[in-house]
Amino acid sequence: MTESVGSPAPSMTPKRKLYVKSYGCQMNVYDAHRMADTLAPAGYVETATPDGADLIILNTCHIREKAADKVYSELGRMRVLKQNAAEAGRQVTIAVAGCVAQAEGQEIVRRAPAVDLVVGPQSYHRLPEMLEQVSHGKVIDTEFPVEDKFDHLAAPSRAVTRRRGVSAFITVQEGCDKFCTFCVVPYTRGAEVSRPVEKIIAEAERLAEAGVREITLIGQNVNAYHGADAAGRSATLGRLLHRLAEVPAIARLRYTTSHPLDMDDGLIAAHRDLPPLMPQLHLPVQSGSDRVLDAMNRRHTRADYLRVIERLRAARADLAFSSDFIVGFPGETDADFADTLRLVAEVGYASAFSFKYSPRPGTPAAEMAQLSEAVKDERLQRLQHEIDRHQAAFIARCDGVTFDVLFEKPGKKPGQIVGRSPYLQPVQVIAPSNLIGEIAPVTVTEVGSNSLFGALAEASPAPGHRPVEAVGA
Ligand code: 5AD
Ligand code: SF4
């Protein structure tokens, strides 16, 4: 049987338009795809704008106050859209998914009555039946069901996978047992659960067959992965990466987000032994002060973190690091903050995210004495300045270097295509569009503030060749 790429599937189900807007982390992007895949058999086809959509899903993030606030202002706009549609005789269903749905449940419908359906992250496989119930009144599901949602979520068709591009995510682990005192994740995503190895391999093979070349394994605490292997034994993330490196056509592997405590020997060795494992690692530290790390319940010291970085660099010299930082955590003194600035300089991050501490209801740190906004603002500015300095230094070191680029899509200008460097930077190159989906060596000829410009290099570097030893900071 041949597949009808680009033409509608023969079906009696009337077509309905689905618009999903995702906030926050990459897991929400993955979940959004899986929700769309699960609704496809009911006739839902994704659209890029909310206008004209029959079903609107806001896939929300609760990590900081600002993220949650955005949802309520977006819901205000959606209410108007729903009203206008109703006046024109068209029914629009509004659903709230993600971590705000999990944390606030019923409260969302109280504050935003235009919402028809609230669904927590563990119940996405129940969406089709929930939608059927919407005509009878509001539907709210924030359970942590016993069945594994991954067994019930539909897989995308080959054509849909291809449209989503050459780089894909796979959720391998969800939830967190660490309970950092600032973080809502253990409450909204629940306890750590790892998917079995064989199911992940099957998903990777399916993606590879549809043209995917790069896979990023995602999980709130991805390196705590401990999924069962075929023999029923618990496998580490290092083991899983070894298995994935054998999947034909998968040329690049990444994983995010990791906790420093869970960087075990096997995972560190994987960075030495697996050429497809890209030399870029997001390893959040949050603070450079032992006092603050302790108050955050991070369970590691500054020295522990620096030792992990050192061991990773010993395993792979061209590794570049990124991190997350929180400034203005309750009790953070000037001296604590100075420790954070020193850590940034000591590690020399290629990039980093920094946030003002935001009290999350129900978390221990929200009950502690808070610092003023003015102090947080000032520290955030200083930290961002320091991070920018290191980011600029890193990108400047990329000038003139040749590295492999995975081409993803047409570029900004005619004749240009754009891909990603091993360090995830976008690289614009004048090159034929048939290179999209391929990996080719590129010499960087110009650097921007976050992107690179280059020209195709003559020959492909030898397998396992690391031409950028000088780049990893
Ligand atoms: N306030 C500010 N930043 C936070 N993060 C998590 N919780 C909070 C909070 N309450 C940040 C951390 C984490 C990233 C995803 O978001 O730095 O690593
Ligand atoms: Fe949140 Fe990460 Fe800490 Fe887990 S390890 S509680 S996800 S910050």
Next item on the list: Verify, without hydrogens or angle tests, whether Ser323 (side chain) and Val285 (backbone) share a donor-acceptor contact under 3.5 angstrom.
Entry: yes
Next item on the list: Spell out, as yes or no, whether a donor-acceptor pair under 3.5 Å connects the side chain of Arg254 to the backbone of Met278.
Entry: no
Item checked: Check: Pro113 main-chain N/O paired with Lys138 side-chain donor or acceptor under 3.5 Å -> yes
Next item on the list: Test Asp37 against every option in Val160, Thr161, Leu153 by the side chain to side chain contact (heavy atoms under 4.5 Å, CB included) rule and name the one that passes.
Entry: Val160
Margin query: Taking side chain to side chain donor-acceptor pair (under 3.5 Å) as the definition, give me every residue that meets it alongside Lys356, ordered by chain and number, with sequence neighbours left out.
Written below: Glu373, Asp377
Item checked: Sidechain N-carboxylate O distance under 4.0 Å for Arg420, Glu214 -> no
Margin query: With a 4.0 Å cut-off on N to O distance, would you call Glu378 and Arg382 a salt bridge?
Written below: yes
Next item on the list: Begin with the C-alpha distance, continue with both residues' side-chain angles, and end with the deciding distance and a verdict on side-chain contact (heavy atoms from CB on, under 4.5 Å) for Gln280 and Ser322.
Entry: CA-CA 8 Å; Gln280 192 272 335; Ser322 60; 3.4 Å; yes
Checklist line | Closest non-hydrogen atom pair, Pro260 against Val308 | finding: O-CG2, 3.9 Å
Next item on the list: Name all pairs fulfilling the ring pair (Phe, Tyr, Trp, His ring centres under 6.0 Å) condition that reach into residues 162-196, sequence neighbours left out, sorted by first residue then second.
Entry: Phe179-Tyr187
Check: Between Tyr423 and Phe394, how do the two ring planes meet: parallel, tilted or perpendicular, split at 30° and 60°?
Finding: perpendicular
Next item on the list: For the residue pair Lys178 and Glu192, establish whether any side-chain heavy-atom pair is separated by less than 4.5 Å.
Entry: yes
Check: Who passes side chain to side chain donor-acceptor pair (under 3.5 Å) against Asp116, sequence neighbours left out?
Finding: Lys82
Next item on the list: Please report the closest heavy-atom contact between Leu452 and Cys398, naming both atoms and the distance.
Entry: CD2-CB, 4.1 Å
Checklist line | Residue list, side chain to side chain donor-acceptor pair (under 3.5 Å) with Ser289, at least two apart or on another chain | finding: Asp336
Notebook entry, point to check: Checking Arg90 side chain against Ala85 main chain: does a donor-acceptor pair fall under 3.5 Å?
Noted result: no
Note to self: Just to verify, what does His259 make a ring-ring contact (aromatic ring centres under 6.0 Å, His included) with, not counting sequence neighbours?
What the structure shows: His300
Note to self: For the CD1 atom of Ile436 and the CD1 atom of Ile417, what is their distance to the nearest 0.5 Å?
What the structure shows: 5.5 Å
Margin query: Aromatic contact between His271 and Tyr255, with the criterion being ring centroids under 6.0 Å apart: yes or no?
Written below: yes
Next item on the list: Quick one: pull up CD1 in Ile56 and NZ in Lys17 and give me the separation to the nearest 0.5 Å.
Entry: 11.5 Å
Notebook entry, point to check: Asp324: what forms a side chain to side chain donor-acceptor pair (under 3.5 Å) with it, not counting sequence neighbours?
Noted result: His282
Checklist line | Contact summary for Arg16 and Ala42, nearest pair of heavy atoms | finding: NH2-O, 3.1 Å
Next item on the list: Rounded to the nearest 0.5 Å, what's the gap from OG1 on Thr256 to CD1 on Ile218? Could you check?
Entry: 9.0 Å
Checklist line | Minimum-distance pair of heavy atoms, taken over all atoms of Pro410 and Val418 | finding: O-CG1, 3.7 Å
Next item on the list: Start with the C-alpha gap between Thr340 and Phe325, add the side-chain angles, then the distance that decides, and say whether side-chain contact (heavy atoms from CB on, under 4.5 Å) holds.
Entry: CA-CA 8 Å; Thr340 297; Phe325 291 93; 3.7 Å; yes
Item checked: Electrostatic pair Asp304-Arg299, nearest N-O below 4.0 angstrom -> no
Next item on the list: Go through the structure and list residues passing salt bridge (Lys or Arg N to Asp or Glu O under 4.0 Å) with Arg189, not counting sequence neighbours.
Entry: Asp31, Glu174
Check: Hey, is the main chain of Ala97 close enough, under 3.5 Å, to the side chain of Thr60 for a donor-acceptor pair?
Finding: yes
Margin query: Between Glu143 and Arg126, does any NZ, NE, NH1 or NH2 come within less than 4.0 Å of an OD or OE carboxylate oxygen?
Written below: no
Notebook entry, point to check: Above 12 or not: heavy atoms from other molecules or residues under 6.0 Å from CD of Gln91?
Noted result: no
Item checked: Under 3.5 Å donor-acceptor, Asn28 side chain and Tyr23 backbone -> yes
Notebook entry, point to check: Does Arg389 reach the main-chain N or O of Ala345 with its side chain, forming a donor-acceptor pair under 3.5 Å?
Noted result: no
Item checked: Euclidean distance, Leu312 CG relative to Leu267 CG, rounded to 0.5 Å -> 7.5 Å
Check: Is there side-chain contact between Leu341 and Leu383, with at least one heavy-atom pair below 4.5 Å?
Finding: yes
Note to self: What verdict does the side-chain contact (heavy atoms from CB on, under 4.5 Å) test give for Phe144 and Val193, after you've listed the backbone C-alpha separation in whole Å, the side-chain angles of each residue and the deciding distance to 0.1 Å?
What the structure shows: CA-CA 12 Å; Phe144 284 93; Val193 179; over 6 Å; no
Next item on the list: Please list all pairs passing the side chain to side chain donor-acceptor pair (under 3.5 Å) test where one or both residues lie in residues 70-80, with sequence neighbours left out.
Entry: Tyr72-Glu104, Glu74-Arg77
Note to self: Checking His385 against Gln381: is there a side-chain donor and acceptor pair closer than 3.5 Å?
What the structure shows: no
Notebook entry, point to check: Is the shortest heavy-atom distance from the side chain of Ser354 to the side chain of Leu380 under 4.5 Å?
Noted result: yes
Notebook entry, point to check: What distance do Leu117 atom CG and Ile57 atom CD1 have between them, rounded to the nearest 0.5 Å?
Noted result: 8.0 Å
Checklist line | Inter- and intrachain pairs under salt bridge (charged side-chain N to carboxylate O under 4.0 Å, His left out), touching residues 55-67, at least two apart | finding: none
Check: Run the side-chain contact (heavy atoms from CB on, under 4.5 Å) check on Ile140 and Ile108 step by step: do they pass?
Finding: CA-CA 10 Å; Ile140 298 178; Ile108 295 176; over 6 Å; no
Notebook entry, point to check: Is the closest basic N to carboxylate O distance between Asp294 and Arg291 below 4.0 Å?
Noted result: no
Note to self: Quick test of your reading of the model: are Arg302 and Glu346 salt-bridged, counting only N-O distances below 4.0 Å?
What the structure shows: yes
Next item on the list: Check ring-ring contact (aromatic ring centres under 6.0 Å, His included) between Tyr44 and all other residues, then give those that pass, not counting sequence neighbours.
Entry: none
Next item on the list: List for me each residue that meets salt bridge (Lys or Arg N to Asp or Glu O under 4.0 Å) alongside Glu132, sequence neighbours excluded, and say none if there are none.
Entry: none
Item checked: Any Gln286 side-chain heavy atom under 4.5 Å of Cys180 side chain -> no
Margin query: Please check this pair: side chain of Gln26 against backbone of Leu217, looking for a donor-acceptor N/O pair closer than 3.5 Å.
Written below: no
Check: Do you know which two heavy atoms are closest between Arg195 and Thr171, and how far apart they sit?
Finding: NH1-O, 2.9 Å
Margin query: Once rounded to the nearest 0.5 Å, what's the spacing between atom CG of Leu371 and atom NZ of Lys376?
Written below: 7.0 Å
Check: Which residues satisfy the ring-ring contact (aromatic ring centres under 6.0 Å, His included) test with Phe329, sequence neighbours excluded?
Finding: Tyr357
